[in-house]
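The structure appears right after this line, and notes come after that.
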Amino acid sequence: MDVPFARPRFYGGEAEALAAVIESGWVSQGPRVQEFERAFAARVGAEHAIATTNCTTALHLALYVAGVGPGDEVIVPSLSFIATANAAWYCGATPVFADIDPHTYNLDPRAARQAITPRTKAIMPVHQIGLPADMDAFLALGREHGVAIVEDAACAIGAEYKGRPIGSLGSLACFSLHPRKVITTGEGGMITTNDGELADRLRKLRQHAMDLSDLARHSATDVVFEAYPERGWNCRMTDLQAALGLCQLAALDEILAERRRQAERYTDALADVPGLDVPFEPDYATRTWQSYAVRVRAGAPLGRTELMRRLLRDGIATRRGVMAIHHERAYEGEDVLLPHTEAAAREALMLPLFPGLGDAAQDRVIDRLTAHLMREAA
Ligand SMILES: Cc1ncc(COP(=O)(O)O)c(C=O)c1O
């Protein structure tokens with residue numbers, strides 16, 4: 001493969017940081033996780049950050065503390081990674097799919113409003129591929145109907161909504177640290193909140209609801225026994241992951257700037273190519289460009305999948321846009337009419353974009369993509 005689709009980038013110092021953790025003898029959740037949580041919270045303007053094993057477990061815990069349980073409904077976009085719906089299922093709740101805004105690909109607050117029933121316990125807007133959803137509308141909807149808003153911010157560290165960082169808006173926000181995301185710890189997740197009591201409960205729930213952390217036990221000056229006031233899960237991040245996360249966080253501004261630069265290069269080069277729509281940029285948001293998705297319009301000279309095939313033959317890896325969860329067998333039978341989701345799932349195409357891609361490789365993507373569409377249009 002000449003041009004891969006994505007690859008994480010490390011900026012130096014990671015090997016030393018990991019060696020220091022190994023040297024310390026404390027490799028499970030401990031002081032580095034605490035340091036990473038503090039740095040993460042400071043970066044996104046939240047009062048508290050709680051590290052987890054991944055974003056899916058973060059979403060599960062966030063929905064759980066929001067009171068979601070068996071028999072409840074959680075409104076989610078179908079146009080999202082399947083983890084969004086699975087997190088509701090983890091709670092024994094039913095994910096209810098609502099349509100997206102066709103310009104932003106994010107859950108449409110009007111569609112979410114129409115999907116509210118007496119069983120709705122939470123709404124989960126997803127900041128899809130790092131573009132913030134219309135949070136003022138969702139927060140107002142949550143207040144009006146007494147339902148929780150939990151943000152799926154898997155791709156959104158560093159994104160801003162009306163000048164405020166995602167993670168600082170007051171609702172529980174859940175981030176992913178998977179290598180396909182903006183920064184990575186290999187696997188990992190983070191929940192942010194401004195509510196100290198919720199943060200405290202989440203910290204316990206992620207380690208079987210034990211009321212004493214390992215860190216507290218190790219620094220105790222007397223014999224202490226832990227208690228388990230409720231049931232929980234094991235969603236602990238390791239200090240090895242946190243050490244990597246601290247290095248990645250230090251590089252976040254550089255990563256975001258490079259992602260933006262590449263996105264602007266794509267948009268400049270592709271804006272006038274027949275049959276393509278470049279991403280819509282709402283003026284309320286600063287996005288992370290976790291992915292760059294063009295739309296191959298219905299009347300384009302080549303269909304999206306055929307275009308992907310031809311690019312693959314050129315040695316260029318692409319991906320379909322975000323999946324539609326209700327198309328999958330795992331959620332089949334859901335009786336929903338989601339025309340904007342259907343169209344986006346059919347027509348969106350993601351192009352390689354990652355720090356380290358290089359201008360020559362990006363130019364090759366632009367050149368081949370343009371050539372295939374122009375040739376067919378001629
Ligand atoms: C929108 C969205 N939500 C949740 C997840 C799950 O993240 P993780 O792999 O960290 O569990 C992903 C990951 O792809 C995602 O894109």
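All ligand and atom numbering here is 1-based and tracks the order in the structure.
Taking distance alone, with nitrogen or oxygen atoms compared against 3.5 Å, A154 stays at or beyond that limit from ligand 1. Checked against a 3.5 angstrom limit, the closest N/O atoms of H178 and ligand 1 fall outside it.
A cation-pi arrangement is present between R9 and Y11, with the terminal nitrogen or guanidinium carbon under 6.0 Å from the aromatic centre and inside a 45° cone about the axis.
Looking at Q248, its side chain never comes within 3.5 Å of a backbone N or O of V182 through a donor-acceptor pair.
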### Message
Please evaluate residues S291 and R180 with respect to the criterion side chain to side chain donor-acceptor pair (under 3.5 Å), reporting the C-alpha separation (whole Å), side-chain torsions for both, the decisive distance (0.1 Å), and the verdict.
### Response
CA-CA 9 Å; S291 291; R180 265 282 282 128; 3.2 Å; yes

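The shell of residues lying under 4.0 angstrom from ligand 1, judged by heavy atoms, excludes G189. The shortest heavy-atom distance from R180 to ligand 1 is not under 4.0 Å.
Of all protein heavy atoms, the one lying nearest to atom 7 (O) of ligand 1 is C55 CB, 3.3 Å. Summary of contacts: the protein heavy atom closest to atom 11 (O) of ligand 1 is T56 OG1, 2.5 Å. Of all protein heavy atoms, the one lying nearest to atom 14 (O) of ligand 1 is K181 NZ, 2.6 Å. For atom 10 (O) of ligand 1, the nearest non-hydrogen atom of the protein is S176 OG, 2.7 Å. The protein atom (non-hydrogen) at minimum distance from atom 3 (N) of ligand 1 is D152 OD2, 2.7 Å. The single protein non-hydrogen atom nearest to atom 12 (C) of ligand 1 is F81 CD2, 3.6 Å, given as residue, atom name and distance.
When the options L311, T305, L312 are evaluated for a side-chain contact (heavy atoms from CB on, under 4.5 Å) with R309, the one that passes is T305. None of D363, D314, D2 except one satisfies the salt bridge (charged side-chain N to carboxylate O under 4.0 Å, His left out) rule with R368; the exception is D314. Considering R295, R304, R297 as possible partners of D277, the one that fulfils the salt bridge (charged side-chain N to carboxylate O under 4.0 Å, His left out) test is R297.
Looking only at atom types and distance, the side chain of H326 has a donor-acceptor partner in the side chain of E342 under 3.5 Å away.
Taking every non-hydrogen atom of T84 and a distance limit under 4.0 Å, the qualifying atoms of ligand 1 come out as 3 (N). Against a heavy-atom cut-off of under 4.0 Å, A83 is close to the following atoms of ligand 1: 4 (C), 5 (C), 6 (C). Within the listing of ligand 1, atoms 1 (C) sit less than 4.0 angstrom from a heavy atom of S80.
In this structure, the side chains of D359 and R261 come closer than 4.5 Å at one or more pairs of heavy atoms.
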